[in-house]
Amino acid sequence: MGAEERKTKADISAAMKRYNLLRGILAVWIVFGHCSDYMTVPPGILFWVKRFNLVCVGIFFFLSGFGLEHSLQTKKDYLRFFLLRKCGGLFLMAVVQYIFGELGCYAMHYYVPYKNIRDLLHRFASGVNWFVWELMLFYLLFFLTARFIRQRHIRMGVMLILCIAVIAVLRRMGAGNSWYYSSLAFPAGMGLRICRDELEKRIRFWPAILILLSAAALFGLPAFLIRDDGLLSVYGKNLFCVFTALCGTVILTKLPLKGKLPAFLSKISPEIFLYQFSAASFMLIYAQHHRWTERGYGFVLCNVLLTLVLAVVFCGLRLLITKGFRRLRKKTDGGMHSAQERT
């Protein structure tokens with residue numbers, strides 16, 4: 001590809017790298033939205049911030065779908081130990097967060113004993129951010145489809161059908177609506193990577209923006225106006241997330257995004273997702289002990305800052321442990337290689 005062609009061609013992969021820098025900012029947005037639930041005064045603007053939490057979650061699913069598909073196509077033996085690396089890593093992070101939260105509550109003299117093993121498992125499942133469990137489910141579905149379906153477009157179609165089935169099952173089970181308002185963004189991210197080359201040749205910035213914004217408005221307007229949990233509302237919100245995420249991709253093909261702060265927040269975004277509820281529990285216990293009855297924006301700010309502090313600490317521990325395991329693995333591999341050479 002010549003230099004002139006690269007300049008005129010929309011670079012979706014570069015746009016998605018910039019998109020990944022927004023992970024931390026989107027995670028902080030979600031924390032602010034959740035904090036409106038803890039306020040005892042009118043939430044004001046935070047009411048609208050929370051309404052758009054589903055879009056932020058949808059963008060996370062969208063980026064995950066694109067990233068997994070990209071790695072599958074570019075990395076050798078990517079599926080080897082996939083579930084152990086992806087699901088196992090997430091599960092371990094969830095366990096650490098839950099234990100820390102329970103110990104923290106106990107230290108603050110707020111502890112409810114477990115009745116039995118079933119009660120422990122139920123409280124563990126409900127005490128960890130639901131996003132973690134759904135993302136692990138998508139990892140599993142991605143692994144199965146990638147393992148058994150070679151044709152990319154067929155795999156994309158199967159994944160779409162599976163995600164629609166997930167939405168139906170979650171609605172039937174009575175799971176919270178946040179579980180299924182953004183789910184279709186995951187196969188949309190996969191589809192963008194699968195169709196990347198064809199789309200890059202055809203994308204024209206302004207027509208694409210107008211089409212995607214119109215589509216988002218078309219599905220978003222009735223989805224937000226309808227208050228029940230019917231099919232029109234559920235799939236309207238899902239499609240609103242999909243077209244908003246795609247619109248962001250097109251914008252980022254033209255808008256350069258960089259900086260140390262977005263990169264730093266992006267790195268700690270998994271911990272922001274996890275530890276926001278630990279921080280909220282600690283803040284609510286503190287408010288109860290100190291009779292902080294009028295919880296307004298000061299309470300929200302303290303909650304967000306505590307979340308960020310916990311995220312930094314536990315992200316640092318995660319990276320330190322990961323680095324140690326990599327060094328140990330290199331030493332082990334190097335020792336085995338040396339032994340083979342001597343024999």
Side-chain angles (χ1 to χ4, degrees), residues 1-30 52-75 78 135 138 142 152-153 155-157 159-160 163 182-221 223 237-267 269-270:
M1 186 186 297
E4 288 299 321
E5 187 178 353
R6 282 197 298 269
K7 287 180 182 178
T8 58
K9 180 181 176 181
D11 194 339
I12 290 176
S13 293
M16 295 301 284
K17 288 180 181 178
R18 296 166 189 159
Y19 225 153
N20 273 296
L21 288 177
L22 293 175
R23 283 177 177 267
I25 296 171
L26 294 172
V28 172
W29 176 292
I30 290 171
F52 284 88
N53 272 12
L54 80 161
V55 178
C56 298
V57 173
I59 291 173
F60 270 93
F61 283 146
F62 180 77
L63 293 174
S64 295
F66 184 95
L68 291 179
E69 184 63 35
H70 180 75
S71 296
L72 180 66
Q73 294 187 30
T74 56
K75 295 181 181 179
Y78 181 63
L135 189 58
F138 286 150
F142 177 85
R152 296 173 186 173
H153 290 81
R155 186 172 71 250
M156 178 180 66
M159 193 68 194
L160 175 61
C163 287
S182 311
S183 303
L184 293 186
F186 184 86
M190 282 180 58
L192 179 65
R193 179 57 182 88
I194 289 170
C195 303
R196 183 196 65 180
D197 294 339
E198 295 87 343
L199 289 171
E200 284 182 337
K201 297 173 184 176
R202 293 173 172 79
I203 285 181
R204 296 295 178 268
F205 184 78
W206 287 111
I209 287 292
L210 291 174
I211 291 170
L212 292 171
L213 283 176
S214 300
L218 175 66
F219 291 104
L221 186 62
K237 287 184 173 69
N238 269 276
L239 291 172
F240 175 70
C241 290
V242 168
F243 287 112
T244 303
L246 288 169
C247 189
T249 305
V250 176
I251 291 172
L252 288 169
T253 60
K254 295 290 186 180
L255 181 66
L257 180 66
K258 57 184 178 180
K260 292 183 179 180
L261 181 59
F264 174 73
L265 290 174
S266 178
K267 183 178 292 187
S269 60

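Taking every heavy atom of both residues into account, Arg18 and Leu255 meet most closely at CD-O, 3.6 Å. Here the closest non-hydrogen pair linking Ala15 and Thr249 is CB-O, 3.5 Å. Shown here for Cys56 and Leu26, the closest heavy-atom pair between the two residues is SG-CD2, 3.8 Å. Taking every heavy atom of both residues into account, Arg196 and Ser13 meet most closely at NH1-OG, 2.7 Å. Ser183 and Cys163 get closest at one heavy-atom pair: O-SG, 4.3 Å. Heavy-atom minimum distance, Ala10 versus Glu200: O-CG, 2.9 Å.
Classified by interplanar angle (parallel below 30°, tilted 30° to 60°, perpendicular above 60°), the ring pair Phe138/Phe186 is parallel. Taking the six-membered ring for Trp and thresholds of 30 and 60 degrees, Phe219 and Phe243 have nearly parallel ring planes, at less than 30 degrees apart.
Proximity of Phe60 to Leu135: side-chain heavy atoms (C-beta onward) are nowhere separated by under 4.5 Å. Side-chain contact check for Tyr78 versus Leu68: some heavy-atom pair is nearer than 4.5 Å. Leu63 places a side-chain heavy atom less than 4.5 Å from the side chain of Met16. Residues Phe66 and Ile12 meet the side-chain proximity criterion, which asks for heavy atoms closer than 4.5 Å. Using a 4.5 Å cut-off on side-chain heavy atoms (C-beta onward), Arg155 and Glu69 make contact. At least one side-chain heavy atom of Leu22 sits under 4.5 Å from a side-chain heavy atom of Leu252.
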### Task
Go through the steps to decide whether Arg152 and Cys195 satisfy the test side-chain contact (heavy atoms from CB on, under 4.5 Å), and finish with yes or no.
CA-CA 9 Å; Arg152 296 173 186 173; Cys195 303; over 6 Å; no
### Task
Show the numbers, then the answer: is there a side-chain contact (heavy atoms from CB on, under 4.5 Å) between Gln73 and Ile194?
CA-CA 9 Å; Gln73 294 187 30; Ile194 289 170; 4.1 Å; yes
### Thr74/Arg193 under side-chain contact (heavy atoms from CB on, under 4.5 Å): CA gap, chis, key distance, verdict
CA-CA 11 Å; Thr74 56; Arg193 179 57 182 88; 4.1 Å; yes
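In this structure, the side chain of Tyr19 engages the main chain of Ala245 through a donor-acceptor pair within 3.5 Å. The backbone N or O of Arg23 lies less than 3.5 Å from no partner atom in the side chain of Ser266, so there is not a single donor-acceptor pair.
The side chain to side chain contact (heavy atoms under 4.5 Å, CB included) search around Phe205 returns Ile209, Val250, Thr253, Lys254, not counting sequence neighbours.
Between the CD1 atom in Ile59 and the CD1 atom in Ile30 there is a gap of 9.0 Å [rounded to 0.5 Å]. To the nearest 0.5 Å, atoms SG (Cys247) and CD1 (Ile211) are separated by 11.0 Å.
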